[in-house]
Number of protein chains: 2
Amino acid sequence: MTERKTSRHEDVANRIVSLIAEGAYKAGDRIPSLRELADSLRVSVNTVREAYAHLEERRYIEARSQSGYFVLNRPEIARLGEPHPAAMDPDRVSLCRIYCAYQELGTAPEDACGLGIATLAQDMWPLERLQKATVDAVRLRGNEALHYQLGPGYGPLREQIAITGLSGGSRLSPDEIIVTSGCQEAIYLALSVLTRPGDTVAVESPIYFNLLKLMEYLGLKVLEIPCSPVDGMHVETLRFALDQYDVKAVLTIANYHNPTGSLMPDERKEELVSLLSRRGIPLIEDDIYGELCFSGERPRTCQSFDRDGIVLLCSSFSKTISPGLRIGWISPGKWQREIEELKTLINLGSSSIPQIATALLLQDGGFQRHVRRLRTSLRDKMAALRAATLECFPEGTVVSDPAGGMVLWVELPDGKNARDLYKRALERDIVIAPGSMFSLQGRFTSMLRLNAGVWGPTTGKRIAELGALAAEMPGASRSPVAGTGTEGKAV
Amino acid sequence: MTERKTSRHEDVANRIVSLIAEGAYKAGDRIPSLRELADSLRVSVNTVREAYAHLEERRYIEARSQSGYFVLNRPEIARLGEPHPAAMDPDRVSLCRIYCAYQELGTAPEDACGLGIATLAQDMWPLERLQKATVDAVRLRGNEALHYQLGPGYGPLREQIAITGLSGGSRLSPDEIIVTSGCQEAIYLALSVLTRPGDTVAVESPIYFNLLKLMEYLGLKVLEIPCSPVDGMHVETLRFALDQYDVKAVLTIANYHNPTGSLMPDERKEELVSLLSRRGIPLIEDDIYGELCFSGERPRTCQSFDRDGIVLLCSSFSKTISPGLRIGWISPGKWQREIEELKTLINLGSSSIPQIATALLLQDGGFQRHVRRLRTSLRDKMAALRAATLECFPEGTVVSDPAGGMVLWVELPDGKNARDLYKRALERDIVIAPGSMFSLQGRFTSMLRLNAGVWGPTTGKRIAELGALAAEMPGASRSPVAGTGTEGKAV
């Protein structure tokens, strides 16, 4: 572990931010005086004064004359997942913490899983188009369907991916694309090629739990970089982390992040790519939600800002055509040869029929028409889910406001525990994804992820049930959660 | 490296066997006298006498009065790949040696690859049945086709695999089967779960080159156990090897081995499983050719003798329905949970449409009828290929006599180099698989693998061309190839 380089007063400030983020201090709370904190942390009063000045500047606290320092009511959405020093230790993934939660979800009654996973309702999948494309694939291109599509995959599919703008502004040739069995396999290939066991990878926090499981399997250490539900990964914190640790790769879901729904602005994408490019660190970009903008143009990818081939862009058709298709792709920049070799080694290639069917769907424009309708539909469903949650959940509940994708990130008030809500909901056959699944550090305990993709006539009723359950639940006792023992209490 | 425990005279005997196997000594050759060999190896005359007695007993050599010791003309097929001590050092796979050869094959003109790969001619694939099953899959089971088939895969497919005897005598329940993207992925999963980098895996020698590549990627050491083209892996040699080395897993293609075509007799399968069971070493069984018997019942799998769950049975429909389908399966014995987790981690599951289509093909009996015809057809094609090779290749060429599968293993006479033949043939757009691809030890340089699965009206002409090319080629100079330097020459 390399040595931390933060100054004394930054350490103190970070600790306060951490406690605010974890809900130990809430808006309006008085925090310790300069003298109290200096004593308990055994630092000088000046150090604490500098720290508080720093926090005042960043609008975390304010000084009220004669009364001391008070936590400010920051814009609530931005407060979710604020930069958070407690997340700065590379931490081996705990299989049991993540996987057990996932397993529980997986074995719940199937028809109730919808709110807990990130997928579309069945009637949003283009079944008829897929049927037609599949029938054409075996009838018109039967011989191709029989053969391996070795190495990079079916040529016409790679051409379609290249020309239909699925890469969000990356100008790709078909030769720069490798077909995979879903986005998960694309990321598996990328991580396998870029890292060795024991390496450290920086990811957004919170982050999709299956990616954490993957990193656990690969024996990686995970550095959780705070991610705002508004504008994504905090690049300044990443820069800081890169100074501290030997990071072998960074992984981001820049467009409609899972679970926060955030969209990284173009300038920040450019900044991120430029930062990593200068340091020669590869960026794995999971763009699986990129097509699902609620309005306007689909957002650009980080890769579209990449001039050095350091971005490995991963995506799939699981959120647009259907997950059962298992057709994804990777545009692996400089690692084209290595990824192609590994894909061949693992399973020689993806199944030919779904590759050909997908190519046909893309070729005749059916895919584009479908996606346009899907965007509008998802926008409406998200608005409905969001409104219902704000209406039915207890006062003080905070929800994200995504501009695309399908997941809503919700924070329960009063430190109520989302894992408890998960358990209570399961008894009523409602499955949600509790926030703790999306971190290795016991963070996001009051958060949960809801899926707008399954919104339908009966979902409002379920949200009302959920809200009522949440209202019944007790709030957390006001104990600091980021620190432990004496030190934590003292702050 | 653990210490070898062979006795002195066994060492000497093994060296002679090795030189015979490599073609340095041929039938009728005189080998050194007792005194000559004792001097050059700095061992006692008694040791050499014991070694020669051992070799006489095993019918490798005979003593002729007043003339010395001579190499016997052993049954030629059995001589291919005889137990071979030079193969007994675990050897890290050389990527370049294997992969370069493979790449060259891969980039050769496609229509000429047929003889070099192990696959069926296109007209042997059940295109119509597959078309119908695929259309039914999306039309009748459209909703299932859209969804993930997470974890172990599509239930009805696993049921069909369990009840249709595809497991060669293993009595499996659907819950003991996990669907994979081809047999390659099944073996990838098995090796990944069973081994860590640096571990040693014992395999047949020669062995399918893609498995060597896989082991290289996983950082494994490979222990090559001799495999006879008649009856497969030499279990006695394996037992010996297990005493010497810490072997973490054994991999076998017991039924219609690739590339030798050998079929391991049931008693030997039982012996192999019992040996490994006692020692707690898992056996990965690649049964991809198991259905392709030329007559009678399909052979039993090693797994069918397994009582302790140590066999991980891997197979696929790539050699019966089509390789483009990418549907395989594994029955992983004791490692059910680990394999299922890893499969989910890598790509969440295989594509749903081909899984459902395969299940439908199996359900209506179409698969079984197709396989019956396929067996007869392959038998005839193999007979034709074998006859043509014996007729057109230079005198002294030795060919295997497989009872199933699709590959013919050929040894050129006079130590002619099959890699040279490969290069010359490539200029005429004929692709063969040279024997050196199937080993890490520079073995099988005079061997090549031919594919009977593509036999058709024009193949005889190609075999004639190949034979003529082989006849033009010079034989190897008579230098011992297994040893190097002074020591080699001295023997």
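Keep in mind that this is a model prediction, so the values were computed, not measured. A note on names: the letters A, B, ... follow the listed sequences, proteins ahead of strands, and every chain is numbered from 1.
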> Between OG of A:Ser318 and CG of B:Leu348, what distance do you get to the nearest 0.5 Å?
Replying inline: 7.5 Å
> Mind checking whether B:Thr344 and A:Gln184 have side chains closer than 4.5 Å, heavy atoms only?
Replying inline: no
> Which bit of A:Ser192 comes within less than 4.5 Å of chain B, counting heavy atoms only: side chain, backbone, both or neither?
Replying inline: both
>> Can you tell me which of A:Thr119, A:Leu130, A:Leu127 forms the most heavy-atom pairs within a distance under 4.5 Å of chain B?
In response: A:Leu127
> Does the A:Arg326 side chain pair with the main chain of B:Asn347, one donor and one acceptor, at a distance under 3.5 Å?
Replying inline: yes
> Passes side chain to side chain contact (heavy atoms under 4.5 Å, CB included), B:Leu345 versus A:Tyr188? Steps please.
Replying inline: CA-CA 8 Å; B:Leu345 214 50; A:Tyr188 175 75; 6.0 Å; no
> Can you name the closest pair of heavy atoms from B:Ser322 and A:Ala145 and give their distance?
Replying inline: OG-O, 4.4 Å
> Among B:Gly142, B:Pro323, B:Ala357, B:Ser352, who wins on heavy-atom pairs under 4.5 Å with chain A?
Replying inline: B:Pro323
> Would you call A:Ser350 and B:Ser351 a side-chain contact if the rule is heavy atoms closer than 4.5 Å?
Replying inline: no
> ring-ring contact (aromatic ring centres under 6.0 Å, His included) with A:Trp455: which residues, sequence neighbours excluded?
Replying inline: none
>> Under 4.5 Å from any heavy atom of chain B, what part of A:Ile187 do you find: side chain, backbone, both or neither?
In response: neither
> Looking at side-chain heavy atoms only, is the closest gap between B:His147 and A:Gln122 below 4.5 Å?
Replying inline: yes
> Under the 3.5 angstrom rule, does the side chain of A:Gln131 hit a backbone N or O of B:Val138 as a donor-acceptor pair?
Replying inline: yes
>> As an exercise: rank B:Ile327, B:Leu325, B:Leu189, B:Ile321 by heavy-atom pairs under 4.5 Å with chain A and give me the winner.
In response: B:Leu325
> Pick from A:Asn143, A:Thr134, A:Thr180: which one has the most heavy-atom pairs with chain B under 4.5 Å?
Replying inline: A:Asn143
